[in-house]
2 protein chains.
Amino acid sequence: MAQITFKISESPDVVIHANKGDRLLDIARDANVAIDAPCSGNATCGKCKVKLVSGAVDSPKTQHITEEEYAAGWRLACVSKVLDEDLVIEVPDIASAYKSRMKVADLSSPEEVAIFEKIKSDIEGSGIALTNDMAMVELTMSAPSLDDTMPDNERLTWAIEAAVGAEKVILPFTVIKKLPDVIRKDDFKVKAVYKMSGSRCFVYDIYPADENPGIVGLAIDIGTTTVSSVLIDMQTGEILAKGSAGNGQIRYGADVINRIVEQTKPGGVKKLQKAIIDDTLNPMIANMCRSIGIKPGQIYRMSLASNSTMNHLFMGVNADPLRMEPYIPTFFHMKNIYGKDLNLIINPNADIIFAPNIGSYVGGDITAGTLASGIWNSEEFSVFIDLGTNGEIVFGNSDFLMSCACSAGPAFEGGDISCGMRATDGAIEAVTIDKETMEPNLTIIGDEGQKPIGLCGSGIIDIIAELFRCGIVNAKGQLVREGRRVKVDEDGMKSYVIAFKEDTGAVKDVEITEVDIDSFIRAKGAIYSGIITLVESLGFDMSIVDNVYVAGGIGSGINMKNAVRIGMLPDIPLEKYHYIGNSSLAGSYAMLLSNEAEDKVTELASSMTYLELSTHPGYMDSFVAACFIPHTDANLFPSVQNMED
Amino acid sequence: MAQITFKISESPDVVIHANKGDRLLDIARDANVAIDAPCSGNATCGKCKVKLVSGAVDSPKTQHITEEEYAAGWRLACVSKVLDEDLVIEVPDIASAYKSRMKVADLSSPEEVAIFEKIKSDIEGSGIALTNDMAMVELTMSAPSLDDTMPDNERLTWAIEAAVGAEKVILPFTVIKKLPDVIRKDDFKVKAVYKMSGSRCFVYDIYPADENPGIVGLAIDIGTTTVSSVLIDMQTGEILAKGSAGNGQIRYGADVINRIVEQTKPGGVKKLQKAIIDDTLNPMIANMCRSIGIKPGQIYRMSLASNSTMNHLFMGVNADPLRMEPYIPTFFHMKNIYGKDLNLIINPNADIIFAPNIGSYVGGDITAGTLASGIWNSEEFSVFIDLGTNGEIVFGNSDFLMSCACSAGPAFEGGDISCGMRATDGAIEAVTIDKETMEPNLTIIGDEGQKPIGLCGSGIIDIIAELFRCGIVNAKGQLVREGRRVKVDEDGMKSYVIAFKEDTGAVKDVEITEVDIDSFIRAKGAIYSGIITLVESLGFDMSIVDNVYVAGGIGSGINMKNAVRIGMLPDIPLEKYHYIGNSSLAGSYAMLLSNEAEDKVTELASSMTYLELSTHPGYMDSFVAACFIPHTDANLFPSVQNMED
């Protein structure tokens with residue numbers, strides 16, 4: 001037995017015992033130490049680097065570790081095995097920036113609030129009532145006496161029946177448990193939080209009448225990489241708190257396929273469910289509640305928008321059939337699920353509302369996002385694109401909706417890119433490059449003085465567009481200029497240095513390699529060919545499209561001109577493009593607040609058809625042709641001819 | 001800090017650290033070591049004796065410990081405080097016999113089965129159908145393909161709708177979680193356990209079609225002292241297993257009042273709930289399931305009969321209002337409670353059915369027991385008496401039912417009596433005494449050669465009747481003969497030795513003291529005066545009564561002649577008396593098996609009136625007059641004149 005000590009920035013040390021031959025990555029996972037491993041520990045991504053502070057491990061040299069790094073103690077956790085000796089291991093900043101860290105957003109930011117104000121007015125403008133079936137009522141009962149010995153639950157039931165006109169009142173165990181104390185606290189005056197279904201009244205909670213609890217709801221978007229959520233006042237729709245966190249499952253793989261494989265191992269389903277619920281959602285919810293001074297038990301409803309794999313893993317359901325022909329989910333839609341069914345810290349009686357999936361690869365994030373995009377509410381033809389860890393596209397109008405999924409990979413959320421990261425502190429979200437000097441000018445997420453750590457999605461689009469505009473990379477993605485920013489390693493691989501370690505104080509440069517650029521070109525090619533194939537499959541061309549709504553939590557927005565310049569989006573007038581932020585969360589919010597919006601998403605889902613791109617004639621040709629900057633057929637991108645605009 | 005080691009017979013040692021000044025009883029409770037403390041640690045009952053094996057404590061001498069015992073290391077745990085030194089403490093056998101020990105009954109015993117066969121035929125004979133709403137259906141579905149990509153939950157829902165004619169099918173989270181694996185295990189053939197409510201079908205569970213699971217239900221009687229239960233086949237009513245255990249709450253007091261006081265302390269409600277659910281029910285359920293090779297998750301329904309305090313503590317509801325004027329329970333009846341709401345190991349979706357209370361002191365054990373007694377199904381006037389930790393009495397027929405509760409105390413279950421114990425191995429359940437030699441002849445529960453440990457309820461009735469018959473005690477309960485069996489201690493208190501320690505090998509004699517006899521006379525006086533007052537309150541006398549059904553788990557039965565001889569039961573013809581065993585469990589069983597029986601208990605409860613004895617004119621006089629053997633008015637007991645019958 002060797003003692004392994006993990007030193008993690010800003011967190012207490014984690015000490016665990018391991019046997020000779022155990023893999024460092026497995027030990028870290030067992031100890032709940034987040035080490036970034038997008039390839040799920042297959043030694044291909046090179047992201048699970050850790051630093052030996054003391055002790056030695058059995059670890060081969062790999063192309064992902066330079067000689068200099070190896071000498072400094074850097075090892076890949078996925079290929080390092082414990083020997084007989086104790087170890088002290090540093091888990092580096094780049095991983096901790098990527099891992100499950102909570103952020104409670106500043107609600108004083110008017111942009112944050114505006115997004116939800118807009119969805120409210122859009123939804124309401126489409127004729128959907130912004131109301132739900134939850135309410136609160138104040139009740140005054142007579143105190144019991146020797147002549148009036150009615151038990152507390154009947155006393156409360158009668159009072160509620162009289163007050164709200166219910167024929168049947170349901171008091172769940174949580175209400176029964178607190179009933180004798182609460183009913184006596186303010187002399188048999190109570191407030192009850194309830195919902196009506198027909199003449200049936202379900203009571204979520206009770207309070208002494210002199211307290212002012214409020215009815216709180218929680219809207220969540222579980223992305224493969226990032227989880228976002230808002231707490232709202234269920235009666236007004238007001239945003240009370242906003243939170244985000246990395247999806248704690250990231251250490252079991254960056255994409256859904258690796259996670260599905262991981263959950264097929266013994267205990268895997270529980271492990272993946274625990275990673276999202278116990279390690280990600282519960283701490284995030286607790287933080288948000290703390291920030292506004294409420295208890296998680298006051299959250300009486302939760303809505304969830306997520307892709308099919310994420311909602312299966314959230315439910316603790318084996319997702320393996322999703323990835324194997326004939327690709328059958330356990331559910332599209334799910335009802336009758338409550339807080340107490342999962343290990344969530346919200347009220348045990350809280351209804352959990354799911355945005356329905358329409359298949360294994362188009363999930364609730366897209367059906368909820370489609371609602372938020374508004375494309376279903378106009379006769380104009382629109383495209384809705386969600387750039388998440390994969391890319392999903394919906395095309396249609398008020399008459400029809402058709403969707404497809406592109407295997408774009410996690411590039412837009414920082415995966416598959418050596419210096420990629422999600423859009424959190426230290427992420428470069430926008431870049432311009434001086435054509436002459438090749439020096440970059442960076443916009444970095446975080447406080448004044450924040451050093452750059454890596455690139456988030458919008459930054460990747462910008463840097464590739466700028467490298468291309470400046471002639472630093474060619475149409476094939478090769479680095480073709482020389483200078484202090486262009487490095488060549490011993491294997492001849494070239495990279496462009498975005499920030500030198502001398503300037504950032506980090507252990508290595510922030511740089512984008514030709515391999516990264518190649519990965520990204522394939523991702524953008526998948527998106528472009530997906531859009532074109534989807535629109536053309538119905539006999540249209542892009543000229544019919546009036547609006548393109550681009551969503552995704554990839555920074556504060558996308559530079560659409562750059563996205564067109566690199567050939568990721570079709571070359572149509574820029575004013576047709578609209579960045580709509582996190583449409584999945586916006587749709588989740590609308591479903592939470594409005595029963596009619598919830599029904600509408602179900603209706604949209606059941607009417608939406610699905611186009612399987614991989615077997616669609618012409619898709620592969622279209623994809624291969626799109627794997628250039630901007631495209632093999634430059635005539636498709638007339639506006640890119642003059643790039644100095 | 002001192003280290004305290006508790007040595008418990010047949011169990012591993014328990015080691016815990018304590019501070020100077022801590023009470024041994026509190027330390028034992030914290031460590032989950034059961035020490036008998038019926039008076040809840042007030043130094044009045046003398047039952048919490050423990051033996052110091054090494055170390056010393058700060059512990060005064062009390063009347064409950066003889067000089068000889070004190071010298072041998074015996075101390076009362078409730079008055080002993082830790083000093084600076086480590087301790088080794090033996091928790092004696094008498095306590096472990098009394099504590100929460102599991103017993104899974106031998107079903108080969110025909111008497112065990114006969115009790116439930118009788119309730120089945122009685123119930124059925126009264127026109128109540130022995131059927132319930134649970135069923136199992138086998139479903140054959142088509143396997144999905146690329147052309148038939150319906151998700152698993154819709155596939156199952158459609159199949160169930162078609163098979164059972166349901167309009168709405170509800171699949172809870174537990175079914176969703178296992179769905180993808182179960183549905184594929186036997187090629188899309190499954191068995192579903194479900195219940196129908198109107199056109200709504202709730203699915204409890206699913207199995208691959210090649211498994212033969214069975215639908216199992218659990219009927220429980222939670223007594224203040226003893227918990228009893230049966231596992232049954234919900235389709236046939238067959239008893240699959242029978243179990244019993246001491247109520248784990250016993251260490252917080254022998255009677256309901258002490259436990260209610262204990263649960264008002266911080267954390268008390270959770271502590272008492274844990275004692276019954278985690279420490280008593282769950283291990284008992286696990287044992288029963290193991291004995292028949294099923295998993296606790298296969299228990300899909302549970303019915304519970306118990307007194308009001310027990311069902312409040314079971315639910316984790318503050319029971320304090322029950323004991324304080326105006327004595328208001330939180331509930332009489334409770335619905336919509338499921339396995340997952342409590343920490344029970346049964347199926348999370350299992351319905352928990354409660355036999356309703358009719359007040360703070362007449363609970364679900366009595367309403368369920370009334371059903372089992374059958375007194376509601378005849379024009380004949382009957383009395384139903386449940387001798388539990390208290391005594392409750394119901395008088396009536398098919399036209400009316402009236403009930404009362406006697407503060408008889410726990411004498412019938414072995415409480416309040418120095419050598420009292422519940423009816424488990426080592427309990428003396430029947431006694432005769434040779435009038436000449438004064439030597440007793442004992443019937444002891446347990447295997448051949450079992451030594452006597454103490455007296456259970458039926459044994460106490462017998463011994464007092466026999467002591468009276470033999471002229472060893474007089475009508476006031478005083479020991480008036482001399483001989484080797486009659487001891488006198490230094491304070492002049494007399495006792496009759498039932499078994500000498502030299503013969504049993506125990507640390508002390510099994511004996512009944514004048515104080516015990518006095519306690520019991522008050523208990524039997526309360527029962528007698530309760531019966532008489534209840535019957536007379538309606539203008540009748542005992543001659544109108546055709547049947548008296550006596551219930552209670554106080555041994556294998558009651559010697560009715562002895563019970564009359566000591567004036568516990570009225571002197572009416574012996575053939576009118578019927579011992580019906582545990583009527584609470586029998587009623588619980590009927591409610592579990594039959595929806596109509598469940599409804600009938602609710603109906604009986606709502607029609608049953610309650611007579612408050614303590615304020616009823618004449619009750620106190622009647623009680624005082626009954627506190628003799630057999631009674632101050634010997635004319636009320638003509639048959640007792642010739643006791644040699």
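Chain letters run A, B, ... following the sequence lines, proteins first and then strands; every chain starts at 1.
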message: Using heavy-atom distances under 4.5 Å, tell me whether A/Glu612 contacts chain B through its side chain, its backbone, both, or neither.
response: neither
field: Residue among A/Pro326, A/Pro348, A/Ser145 with most heavy-atom pairs under 4.5 Å to chain B
entry: A/Pro326
Part of B/Leu146 within contact of chain A (heavy atom distance under 4.5 Å): both
Which portion of B/Asp147 sits near chain A, non-hydrogen atoms under 4.5 angstrom: neither
message: Does any backbone or side-chain atom of B/Lys177 lie under 4.5 Å from a heavy atom of chain A? Answer side chain, backbone, both or neither.
response: both
query: Looking at A/Asn318, A/Leu156, A/Asn357, A/Asp341, which has the largest count of heavy-atom pairs under 4.5 Å with chain B?
result: A/Asp341
- prompt: What part of A/His312 lies closer than 4.5 angstrom to a heavy atom of chain B: side chain, backbone, both or neither?
  reply: neither
field: Part of B/Arg155 lying under 4.5 Å from any heavy atom of chain A
entry: neither
message: Could you tell me if the side chain of B/Arg184 sits less than 4.5 Å from the side chain of A/Ile328, heavy atoms only?
response: yes
message: Between B/Asp181 and chain A, with a heavy-atom cut-off of 4.5 Å, which part of the residue counts as in contact: side chain, backbone, both or neither?
response: side chain
query: Are any of the side-chain heavy atoms of B/Leu179 and A/Val317 separated by less than 4.5 Å?
result: no
- prompt: Relative to chain B, which segment of A/Asp320 carries a heavy atom at a distance below 4.5 Å: side chain, backbone, both, or neither?
  reply: neither
query: Of A/Ile170, A/Ile176, A/Leu171, which meets side-chain contact (heavy atoms from CB on, under 4.5 Å) against B/Asn336?
result: A/Ile170
